[in-house]
Amino acid sequence: QELQNTFTLNRSTYMIPQKSSFQVVVLDQEKVESSIQLTDQQLRKAYAESLDNFRMPERIHVRHILISTEGKSDAEKKALRAKAEDVLKQAKNGADWVELAKKYSDDKGNADKGGDLNWIVRGQMVPEFEAAAFALKPKEISGIVTSQFGYHIIQVLEKEPAKVKPFEEVKDGLAADLRKQQIAAKMQMLGDQIHDALEK
């Protein structure tokens with residue numbers, strides 16, 4: 001009767017047809033993992049080769065108050081523009097922004113949070129909004145910005161320029177990823193070697 005060789009690879013069992021005695025071969029992933037040593041030079045080389053993965057675009061922490069004009073007539077838009085001008089005047093005169101947003105903003109998804117949109121990068125918002133927002137300095141308040149949604153009053157809270165994450169900041173994550181790749185490659189190589197040996 002034809003017997004089979006069996007080996008276990010990374011918790012998986014493989015059956016190899018073989019006319020010989022029954023054999024069990026176990027690959028210990030923990031031992032394989034402990035044999036993987038990464039040097040600082042290897043990590044820096046991997047970092048340099050994948051810099052694009054660590055590029056962070058310019059971003060801003062922004063909040064807004066929206067006076068919606070969607071579905072409104074020209075006459076209604078004129079009145080809403082006047083309302084937006086009044087809210088803008090209050091904001092620039094030092095009124096509490098959060099309270100203004102709660103009271104006037106039609107963007108109900110964030111009005112209760114003071115119109116806070118959190119951090120955004122280019123490409124997330126409509127062009128008119130982005131052009132105005134990214135031109136502002138931190139704490140600066142825009143004029144009335146008109147978009148398809150209505151009249152926005154925008155304030156940038158914080159601003160971060162485009163940057164590349166430094167090596168020390170990504171070193172640990174990079175090491176973990178490289179270690180996983182090398183473990184998988186070594187386990188596959190050992191599995192192939194065992195497979196070939198058992199078929200002989």
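Just the heavy atoms: all of them, side chains too, but no hydrogens, waters or symmetry mates, feed the values below.
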Engineer: Tell me who clusters with Ile67, hydrophobic residues only, linked when side chains sit under 4.5 Å apart either directly or through other members.
Structural biologist: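 Besides Ile67, the cluster holds Ile65, Leu80, Val87, Leu88, Trp97, Leu100, Tyr104, Ile141, Ile144, Tyr151, Ile153.
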Engineer: Do the side chain of Ser105 and the main chain of Leu66 share a donor and acceptor less than 3.5 angstrom apart?
Structural biologist: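 Here the side-chain-to-backbone pair exists.
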Engineer: Using distance only, find each side-chain donor-acceptor pair of residues 163-174 under 3.5 Å and give its atom names and separation, not counting sequence neighbours.
Structural biologist:
residue : atom : partner : partner atom : Å
Lys171  : NZ   : Asp40   : OD1          : 3.3

Engineer: Closest approach of Ala133 and Val156, non-hydrogen atoms and distance?
Structural biologist: O-CG2, 3.3 Å
Engineer: Kindly indicate, with the supporting measurements, whether the criterion salt bridge (Lys or Arg N to Asp or Glu O under 4.0 Å) is fulfilled by Lys89 and Asp86.
Structural biologist: CA-CA 5 Å; Lys89 183 178 180 180; Asp86 178 62; over 6 Å; no
Engineer: Could you work out, with salt bridge (charged side-chain N to carboxylate O under 4.0 Å, His left out) as the rule, every residue matching Glu128, not counting sequence neighbours?
Structural biologist: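 For Glu128 there are no salt bridge (charged side-chain N to carboxylate O under 4.0 Å, His left out) partners, ignoring immediate neighbours.
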Engineer: Salt bridge (Lys or Arg N to Asp or Glu O under 4.0 Å) between Arg122 and Glu130: does it pass, once the steps are laid out?
Structural biologist: CA-CA 7 Å; Arg122 295 182 189 275; Glu130 284 187 1; 5.3 Å; no
Engineer: Other than Val98, what residues sit in its cluster of Ile, Leu, Val, Met, Phe, Trp and Tyr side chains whose heavy atoms are under 4.5 Å apart, directly or through others?
Structural biologist: none
Engineer: Does some side-chain heavy atom of Glu158 sit less than 4.5 Å from a side-chain heavy atom of Pro138?
Structural biologist: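 The answer is no, as the side chains (C-beta and beyond) never meet within the 4.5 Å cut-off.
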Engineer: Would you say the side-chain atoms of Ser50 pair up with the backbone N or O of Asn53, donor to acceptor, closer than 3.5 Å?
Structural biologist: no
Engineer: Flag the pair Gln155 / Leu157 as yes when at least one side-chain heavy-atom distance between them is below 4.5 Å, and no otherwise.
Structural biologist: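 With C-beta onward as the side chain, the pair touches.
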Engineer: With no hydrogens and no angle check, is any side-chain donor or acceptor of Thr39 less than 3.5 Å from a backbone partner on Gln42?
Structural biologist: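 Checked: pair present.
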Engineer: So which residues get pulled into Met56's cluster when ILVMFWY side chains under 4.5 Å apart are joined, directly or through others?
Structural biologist: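 Its cluster partners, ordered by chain and number, are none at all.
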Engineer: Who are the side chain to side chain contact (heavy atoms under 4.5 Å, CB included) partners of Lys45, not counting sequence neighbours?
Structural biologist: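 Expected list: Glu49.
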Engineer: Find out whether Leu117 and Met125 are in side-chain contact, i.e. whether some heavy atom of one side chain is under 4.5 Å from a heavy atom of the other.
Structural biologist: yes
